[in-house]
> 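The structure that follows is given in the form of structure tokens.
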Amino acid sequence: MTPAVAPSRLAAIVYKPQDDIDALLAGFAARIQQRGVAVAGLVQITEGDDACTAGDMSLRDVATGRVVSICQDLGPNANACRLDPQGLAQAAGLLREALGRRPDLVVLNKFGKSEIEGGGLADEVGFCVAADIPLAIGVPVRFLPAWELFADGMDVKLPAESEALDAWWNAIASLPEGA
């Protein structure tokens, strides 16, 4: 008889451009918090379809509700990505503070270009894995190959569906301490 394998505490929610990953992750975090679970993390708040080039983009701390802008003003004719490294660093600081309180679950909006380059929230993802804190993170399908190199097989990939996230969390939450 083969022993049961514990589900991975690292869940990559693989999504396509038409998926509303922001609403999915925010809703998931809210549902879990309503159960009395300590949830930390950052979910994206955007204005418009392409917020980084056409509008504002912010991250909301799911534990405190604090909002941090992660876009910089490059001027009215700019068409490059306006991701603000200082804003992202500020959001990472909020997350590190929350991780120090040892939450039961962490939810992160996206594994993106900054993380691929070794910045952004890459260190915080690594901390969650090392500390065995369950982490659900959005992974755009276009960045899936880079994610797979980063995660090195330690993850489980989930579709961008509430049912999949809830089933993953229920499996993780039912594990005995330290399993």
Side-chain angles (χ1 to χ4, degrees), residues 5-29 31-32 39-46 49-53 57-63 68 70-71 80-85 87-96 98-99 103-173 175:
V5 176
S8 176
R9 293 180 188 270
L10 178 59
I13 300 88
V14 181
Y15 67 94
K16 299 175 187 99
Q18 66 269 21
D19 294 325
D20 189 350
I21 191 68
D22 303 323
L24 176 72
L25 290 173
F28 173 63
R31 283 193 308 279
I32 301 306
V39 181
L42 302 165
V43 293
Q44 188 167 300
I45 303 167
T46 58
D49 293 334
D50 192 7
C52 200
T53 58
M57 183 170 55
S58 300
L59 294 176
R60 183 176 54 82
D61 181 318
V62 298
V68 176
I70 58 171
C71 273
C81 183
R82 302 179 319 138
L83 182 64
D84 179 7
L88 190 54
Q90 183 182 1
L94 291 174
L95 181 58
R96 278 191 300 277
L99 291 175
D104 300 318
L105 170 66
V106 174
V107 176
L108 294 178
N109 68 305
K110 180 165 89 174
F111 177 83
K113 188 174 179 183
S114 293
E115 289 76 22
I116 291 168
E117 295 171 349
L121 301 172
D123 288 345
E124 288 73 18
V125 172
F127 178 87
C128 288
V129 172
D132 206 28
I133 300 171
L135 168 66
I137 185 169
V139 177
V141 70
R142 73 181 186 273
F143 294 144
L144 187 56
W147 168 260
E148 289 174 339
L149 287 172
F150 182 85
D152 197 27
M154 294 186 289
D155 65 325
V156 60
K157 289 166 196 67
L158 302 176
E161 301 170 354
S162 294
E163 298 79 12
L165 269 168
D166 290 343
W168 169 77
W169 174 251
N170 289 336
I172 293 297
L175 291 174

> Taking all heavy atoms of Ala12 and all of Asp155, pick out the closest pair and write down the distance.
CB-OD2, 3.8 Å
> Trp168 versus Pro134: any side-chain heavy-atom pair under 4.5 Å?
yes
> Determine whether Val43 and Leu59 make a side-chain contact, defined as any pair of heavy atoms from C-beta on separated by less than 4.5 Å.
no
> Leu99 and Glu124: side-chain contact (heavy atoms from CB on, under 4.5 Å), yes or no, with the steps?
CA-CA 8 Å; Leu99 291 175; Glu124 288 73 18; 4.1 Å; yes
> Any side-chain to backbone donor/acceptor pair from Asp61 onto Ala63? Under 3.5 Å, distance only.
yes
> Grab the two heavy atoms, one from Val106 and one from Leu95, that are nearest each other, plus how far apart they are.
CG1-CD1, 4.2 Å
> From Leu121 CG over to Leu42 CG, what is the distance, rounded to the nearest 0.5 angstrom?
6.0 Å
> Quick one, Ser114 and Leu88 - any side-chain contact, counting heavy atoms below 4.5 Å?
yes
> Centroid-to-centroid, Phe143 to Phe111, below 6.0 Å?
no
> Any donor and acceptor pair, going by atom type alone, linking the side chain of Ser8 with main-chain N or O of Met154 inside 3.5 Å?
yes
> Is there a side-chain contact between Val125 and Leu135 in this structure, where contact means two heavy atoms from C-beta onward sitting under 4.5 Å apart?
yes
> So does Asp166 get a backbone contact from the side chain of Asn170, meaning a donor-acceptor N/O pair under 3.5 Å?
yes
> What pair of heavy atoms forms the shortest contact from Leu108 to Gly41, and how long is it?
CD2-CA, 4.3 Å
> Determine, stepwise, if the pair Ile116 / Phe150 fulfils side-chain contact (heavy atoms from CB on, under 4.5 Å).
CA-CA 8 Å; Ile116 291 168; Phe150 182 85; over 6 Å; no
> Show your reasoning for whether side-chain contact (heavy atoms from CB on, under 4.5 Å) applies to Leu25 and Val62.
CA-CA 10 Å; Leu25 290 173; Val62 298; over 6 Å; no
> Any donor-acceptor pair under 3.5 Å linking the side chain of Glu115 with the backbone of Gly112?
yes
> Roughly how far apart are Gln44 CD and Asp22 CG, rounded to 0.5 Å?
4.5 Å
> Report the distance from atom OH of Tyr15 to atom CD of Glu161, rounding to the nearest 0.5 Å.
15.5 Å
> Would you say NZ of Lys113 has more than 12 non-hydrogen atoms from neighbouring residues, nucleotides or ligands within 6.0 angstrom?
no
> Using 0.5 Å steps for rounding, measure from the CG atom of Leu24 to the OG atom of Ser162.
5.0 Å
> Do you know which two heavy atoms are closest between Ala136 and Ile13, and how far apart they sit?
CB-CD1, 3.7 Å
> Provide the closest heavy-atom pair for Ala160 versus Asp19 in the form atom of the first, atom of the second, distance.
CB-OD2, 3.8 Å
> So Trp169 and Arg31, side-chain contact (heavy atoms from CB on, under 4.5 Å) or not? Walk me through it.
CA-CA 11 Å; Trp169 174 251; Arg31 283 193 308 279; over 6 Å; no
> How many angstroms lie between atom CD1 of Ile137 and atom CG of Leu158, to the nearest 0.5 angstrom?
12.5 Å
> Just verifying a value: how many Å separate Arg9 CZ and Ile133 CD1, rounded to the nearest 0.5 Å?
10.0 Å
> Compare every heavy atom of Ala89 with every heavy atom of Arg96, then report the nearest pair and how far apart it is.
NH2-O, 4.3 Å
